[in-house]
> 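Would you mind keeping the following structure in view while I ask a few things?
Lettering follows sequence order; numbering is per chain, from 1. What you see below is based on every heavy atom in this structure, not just the backbone, and it leaves out hydrogens, waters and symmetry mates.
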Amino acid sequence: MKRYEKLIKDPIAREEKVLILWENKEIFRKSLDATKGGPRYVFYEGPPTANGRPHFGHLMPRVYKDLFPRYKTMQGFYVARKGGWDTHGLPVELEVEKEIGVNSKPEIEAYGVERFVNRCKESVWRYKAEWERMIERMGFWIDLENAYITYTDDYIESVWWELAQMFRRGFLYQGHKVLPYCPRCGTGLSSHEVAQGYRKVQDPSISVRMRIVSDEGARYKQERPGSTSLLTWTTTPWTLPANVGLAIAVKATYAEVEQNDERLILAKALLDQALEGDYRLVCEIPWEDLVGLSYEPPYRLLDDERAYRVHAAEFVNMEEGTGIVHTAPAFGEDDYQLGQEEGLPFFSPVDVAGAFTEEFPLCAGTFVKEADPVIIEDLKKRGLLYQHTLYEHDYPFCWRCGTPLLYYAMDSWYIRTTAVKDQLIKNNRRINWYPSHVGEGRLGDFLLNLKDWALSRDRYWGTPLNLWTCEGCEKVIAVGSRAELVESARDKELARTVELHRPYIDRVALRCPECGETMRRVPNVIDAWFDSGSMHTAQWHYPFENKEKFKESFPADFICEATDQTRGWFYTLLATSTIIHGEAPFRNCIVTGLGLDADGIKMSTSKGNVIDPWDLINVYGADCLRWYLCASSAPWRSKRLGEADVKGPLYRFLDTLRNTYDFFALYASIDGFDPEDHRVEEERLGILDHWILSRLSATTKAVTEGLDNYDVITATEALEGFLDEVSNWYIRSSRRRFWKGGMEPDKIAAYTTLYQVLVNLVKLVAPFVPFIAEAIYQQLRKSSDPESVHLYGYPQVDEVWINTTLEGEMALTRSIASLGHQARNQAQVKVRQPLSRAIVEVASEAEGCVLSEGVLALVKTELNVAAVEIVSTLQPYFHEVPAPNLRTLGPRLGPLAQQAAEWIRSKTAADAREALASGSVKVEVDGKPVEIKKEDISFQAVLSNGFVLVEEGALRLLLDTNLDETLREKGLVRELVHRIQLLRKEAGFEVTDRIVLGYRADSPLGEVLVRNRETIAAEVLALEVKPTLAGDYELQQKVKIEGNAVVFGLSRTTYPRGT
RNA sequence: GGGUCUGUAGCUCAGGUUGGUUAGAGCGCUCGCCUGAUAAGCGGGAGGUCCCUGGUUCGAGUCCAGGCAGGCCCA
């Protein structure tokens, strides 16, 4: 006979058992094998870096990264899930620097690049085991054995192939541009790295006089030559020595003012803000008039025609400063651009370590940021400083060494992404972003203002830039494969075997195809974001291998990462793919929010506020975390990860699911229900069965539609609602069907239905909470079923079962039940006390106003009323009562008002109306004549005694609480049964145990017990009921009911099973 | 400074369906009920300036404009 075991209550133990099952039976592999011939659903793994510990924030995208592949697999799609590891880049180098205790590039060179790079290679795997352990424990199914690794030669070769394509098509160029640069690390930083290091700082904000030396070539003419200055503004005094020009705002109006014998020119809108003390406005000057003026810079270090003039620019800030901005092309992006446009000389008196050179003797050898006070002091002495305050703003620091970054013009290699800008925008539009504003806003905006991709890094651990330069003719070639390397190499044997990393690859010299001279590799490595962004191609070692695999897995149907990847991986995937393959490499992208700590601050290792996922996994389990992340709010919402929030779903959803199954297991085991033996014809299904099966289909539809639209919340809400309906309505209302003896068709119908509901529910939730789904499935599965729920097909919607009329009826029924409870509450009558009737007014236009006998029976049981009457109006249950209106009676009748009110109250409504037929009536109260007018009486609707009214929306329910003797006795019987059941529980009997019941009772309980002996015996499974306590009982206890006492004795008795 | 998201009950939040009676849920609190599946369930109650200001409208939590606060991305 079939036995259903209860689930293990402890989620941890339960899940660990499931993990063992999956491992032993290789379910993940089988799920892939089983779908191999199916349509492809392509997922790309965004590679994590394993040199840091996984923290809770990493879990958020992972949950969706697992949900959709599982869902699609169950639908029959083949979802290969190749893992991946991101392994290159500055973060890895910095970890190693820390380990070996070095702090600069010269120190690395001294340590030995080879040793250094090898340590990087090891460091990358430091937490690999930890990542794998977490991924496995959370039930994230991904193929880690065949994961792509960005540092392998094969991967690098594919990246080289891409780069060579780009080079040959003119996408790679060497440029001289301003980059954020760390003077201590000696390299430019990627925008990603810069973003990590912004800090609020106070910098000096100064305005400086720059005297006009010539107005030749400008429309503005000086009125007071020699004492007129442009008032300029900067927050980086140290850049003043590099000044080569001034910028004014296009379309702004400027003004000349007189103050203390000098004339100053600045933006009109900023006069009051920028000037100290009184001033006299001399005249307004349109911006065009200032263009071309020559001025005296604070430090004239250049002798160049083009320098020290006024130019117009778009970027000038008109909210702070003076509206005249000092420009140093060497130290600012805007400045550099202006310099390019206007043909300004490029001048930088600063060396690579960030110190002034001899070109600026005042501060030679001083680190630039430390030169600020020296320069300010100097300007002050020379009378050039107008104002000096502090200015608070965000400034980038090197996120590792804390050195302030400099915007620094330097040589580096770029990808001309701007050349494909329109195509990028077009391809981006084809991607379905969830939420859509990522595509339209955040990334879209970035693409509109696209800049070329700064590709090269002056570092060691990364994909080496595959460009070789000829020492003779300066020709540059790109090497697109190892074969090409061997072909051009001087030492072919070396080229055949060399590891493609620095420093090894640097030893490979090529022969110039033009002049035959030696070619050497450029010293750079590339931005690690190019590596991961190339995974669409490089994960397959394409085009050198796996051409088929590449073809069938491009583009991806689905990717998902956190929002910080917008300009990281999402962008680099899109950019490389657009250039190489011409199209977007993914179609759907869910962008998750960030993991926040209990205070709403982003979790990050550097802030030290990360939660160790194990602390939660080991207490609540993987399913609980998965459900919390899926169901609590939309994926892109940031989530606070307080413990209290996370454990919510454990009770609300997972425990309800477990209890629902346990209920089935308890009774199905008692009755030996076996879905393979017990069948039932559809006609035998009850109304509840039809209803819950309809709801099952509707839920399946909602979940499927939700997931198909990448709308997770709609799916989880549908599932939570359905589970509630199963547990709190279907089972609650069906309990008596399961308790009945024997195996009647109705009981089989109930079992069959509940079984079907459970099996399908478990399949529906399997992609979300794979562990509990598996644990229940293992108990439910028939011998012919697949060995895991994850090998089963996802439930299909069967529209035939959807019965919206019935669902409407049942919804109404549940509202009525709810109102009934409310009415009982108000009347203070227990549910155990049977009542004669409830009367429900259903507004005729309300849907489903016709309720079938079947559902009415449910309400009757639920509310314990003998009848439920549905009426179109409750009018007849009210009667009118005349009520005196003291507001009018009082002023008119004075002392007689009270007596007149008495008279009104003493009449019936009908009498009062009749008396008032003519508009007023003269009566005598207290022996005096009094006139009562129409307005003195209002008619109020009053409920008859014993009725309680409750209403909600269009529904009104009247509960008749009048009791007669029969009802009273029925109430007593239920009370007695209830007490005996409690005693059974207290005695520790099993629910199937039969008992002998003895009692000694006073009147009237004794008579009640005698009269209802059969009913009570049946309810409490008593084979014998004896009006005496003679003999031994396992439990004997006195109970009091409404002041009367009865003593019960209970003992188990043997009873043949199965009848 | 730019972009973007968020702001609703003590807490966490309703992809807040097209503007429309009394703004909801869960948790927590509180009172009561029910229990022959339940770490449960049901009902009542307390708890709201829907961030602010202005506009459009017969009517705004919802639409528009401008602010404020916070998060994130970028300068």
> Give each protein N/O atom lying under 3.5 Å from an N/O atom of nucleotides 31-33 of chain B, with the pair distance.
none

> Which whole number of Å gives the distance between the P atom of B:U6 and that of B:U49?
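B:U6 and B:U49 have their P atoms separated by 22 Å.
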> Considering heavy-atom distances to RNA chain B, does A:Asp724 or A:Phe446 have its closest nucleotide positioned more toward the 5' end?
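Whichever sits nearer the 5' end wins; that is A:Asp724.
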> On RNA chain B, nearest-nucleotide positions of A:Asp711 versus A:Lys451: which is more 5'?
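Counting from the 5' end, the first nearest nucleotide belongs to A:Asp711.
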> Applying ring pair (Phe, Tyr, Trp, His ring centres under 6.0 Å) to A:Tyr571 and A:Trp529, what does each step give before you reach the verdict?
CA-CA 9 Å; A:Tyr571 168 67; A:Trp529 287 100; 10.0 Å; no
> For B:G61 and B:G19, measure between their C1' atoms and round to the nearest Å.
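It comes out at 10 Å once rounded to the nearest Å.
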> For the side chain of A:Thr563, counting heavy atoms from C-beta on, which of B:C72, B:C13, B:A39 is nearest?
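Per side-chain heavy atoms of A:Thr563, the pick is B:C72.
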> Look at the side-chain N and O atoms of A:Tyr434 and state whether any lies under 4.0 Å from the OP1 or OP2 oxygen of B:G15.
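No, A:Tyr434 has no side-chain N/O under 4.0 Å of OP1/OP2 on B:G15.
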> Within the structure, does a side-chain N or O atom of A:Trp636 lie under 4.0 Å from either OP1 or OP2 of B:U4?
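It does not, given that no N or O in the side chain of A:Trp636 lies less than 4.0 Å from OP1 or OP2 of B:U4.
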> Considering only NZ, NE, NH1 and NH2 on the basic side and carboxylate oxygens on the acidic side, decide whether A:Asp655 and A:Arg658 come within less than 4.0 Å.
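Yes.
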> Is the number of heavy atoms from other residues, nucleotides or ligands within 6.0 Å of NZ (A:Lys970) greater than 12?
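Open.
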> Can you pull every protein N or O that's under 3.5 Å from an N or O on nucleotides 26-30 of chain B?
| residue | atom | partner | partner atom | Å |
| --- | --- | --- | --- | --- |
| B:G26 | O2' | A:Arg652 | NH1 | 2.7 |

> For A:Leu657 and B:A37, what is the distance between atoms CG and C1' respectively, to the nearest whole Å?
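Distance check: A:Leu657 CG to B:A37 C1' gives 13 Å.
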> Identify whether any heavy atom of A:Leu982 sits under 4.0 Å from a base atom; if not, whether one sits that close to sugar-phosphate; answer base, sugar-phosphate or nothing.
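Here A:Leu982 touches no strand at all.
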> Just call it for A:Thr566: base, sugar-phosphate, or nothing, with non-hydrogen atoms closer than 4.0 Å on any strand.
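The residue A:Thr566 makes no contact with any strand.
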> Could you check whether A:Arg732 pairs with A:Glu862 (Lys NZ or Arg NE/NH1/NH2 to Asp/Glu carboxylate O, under 4.0 Å)?
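Counted as a salt bridge, because a side-chain N and a carboxylate O are separated by less than 4.0 Å.
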> If the cut-off is 4.0 Å, is A:Arg637 near the phosphate of B:U12, judged by side-chain N/O to OP1 or OP2?
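The answer is no; no side-chain N or O of A:Arg637 sits under 4.0 Å from OP1 or OP2.
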> Closer than 4.0 angstrom, basic N to acidic O: yes or no for A:Glu1019 and A:Arg736?
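Yes, charged N to carboxylate O under 4.0 Å.
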> Which nucleotide, B:G36, B:G15, B:A39, lies nearest any side-chain atom of A:Ala634?
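Nearest to the side-chain atoms of A:Ala634, counting from C-beta on, is B:G15.
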> Find the partner of B:U6: check Watson-Crick (N1-N3 plus N6-O4 or O6-N4) and G-U wobble (N1-O2, O6-N3) distances, both under 3.5 Å, and reply none if neither fits.
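When the pairing criteria are applied, B:A69 turns out to be the nucleotide that pairs with B:U6.
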> Would you call the rings of A:Tyr434 and A:Tyr710 parallel, tilted or perpendicular, taking 30° and 60° as the class edges?
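Tilted: the ring planes of A:Tyr434 and A:Tyr710 meet at 30° to 60°.
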> Going by heavy atoms in the side chains, are A:Glu720 and A:Trp627 under 4.5 Å from each other?
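Side chain of A:Glu720 against side chain of A:Trp627, heavy atoms only: contact under 4.5 Å found.
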> Using Watson-Crick or G-U wobble geometry with both distances below 3.5 Å, tell me the partner of B:C58, or none.
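Base-paired to B:G20.
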> Within the structure, does a side-chain N or O atom of A:Arg984 lie under 4.0 Å from either OP1 or OP2 of B:G36?
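For B:G36, OP1/OP2 do not have a side-chain N/O of A:Arg984 under 4.0 Å.
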> Testing the 3.5 Å rule here: is there a donor-acceptor pair between the side chains of A:Ser205 and A:Trp233?
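A:Ser205 vs A:Trp233: donor-acceptor pair found between side chains.
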> For B:A37, does either OP1 or OP2 sit under 4.0 Å from a side-chain N or O belonging to A:Arg732?
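Checking B:A37 against A:Arg732, no side-chain N or O comes under 4.0 Å of OP1 or OP2.
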> Check every strand shown and say whether A:Phe570 touches a base, only sugar-phosphate, or nothing at a heavy-atom separation below 4.0 Å.
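It contacts nothing in the nucleic acid.
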> Under 30°, 30 to 60°, or over 60°: which ring-plane class applies to A:Tyr751 and A:Phe673, parallel, tilted or perpendicular?
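Correct class here is parallel.
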> State which of B:G36, B:C13, B:C74 makes the closest approach to the side chain of A:Arg567.
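Closest nucleotide among those given: B:C74.
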> Pick from A:Leu447, A:Leu443, A:Leu448, A:Thr418: which one makes a side chain to side chain contact (heavy atoms under 4.5 Å, CB included) with A:Leu424?
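Only one of A:Leu447, A:Leu443, A:Leu448, A:Thr418 forms a side chain to side chain contact (heavy atoms under 4.5 Å, CB included) with A:Leu424, namely A:Leu447.
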> Whole angstrom is fine here: how far is it from CD1 in A:Ile980 over to C1' in B:G36?
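After rounding, the reported distance stands at 13 Å.
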> Contact class for A:Ser632 (heavy atom, under 4.0 Å): base, sugar-phosphate, or nothing?
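Sugar-phosphate only.
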> Do A:Trp729 and A:Asp724 have a side chain donor and acceptor closer than 3.5 Å?
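Per modelled atom types, A:Trp729 and A:Asp724 side chains form no pair under 3.5 Å.
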> Whole angstroms only, please: what is the CD1-P distance between A:Ile713 and B:U17?
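Checked: the CD1 to P distance equals 15 Å.
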> Is A:Thr660 side chain donor-acceptor paired with the B:A37 base, going by distance under 3.5 Å alone?
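Not at all, since no donor on one side and acceptor on the other fall under 3.5 Å apart.
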> Ignoring backbone atoms, establish whether A:Lys6 has a side-chain N or O less than 4.0 Å from OP1 or OP2 of B:A37.
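For B:A37, OP1/OP2 do not have a side-chain N/O of A:Lys6 under 4.0 Å.
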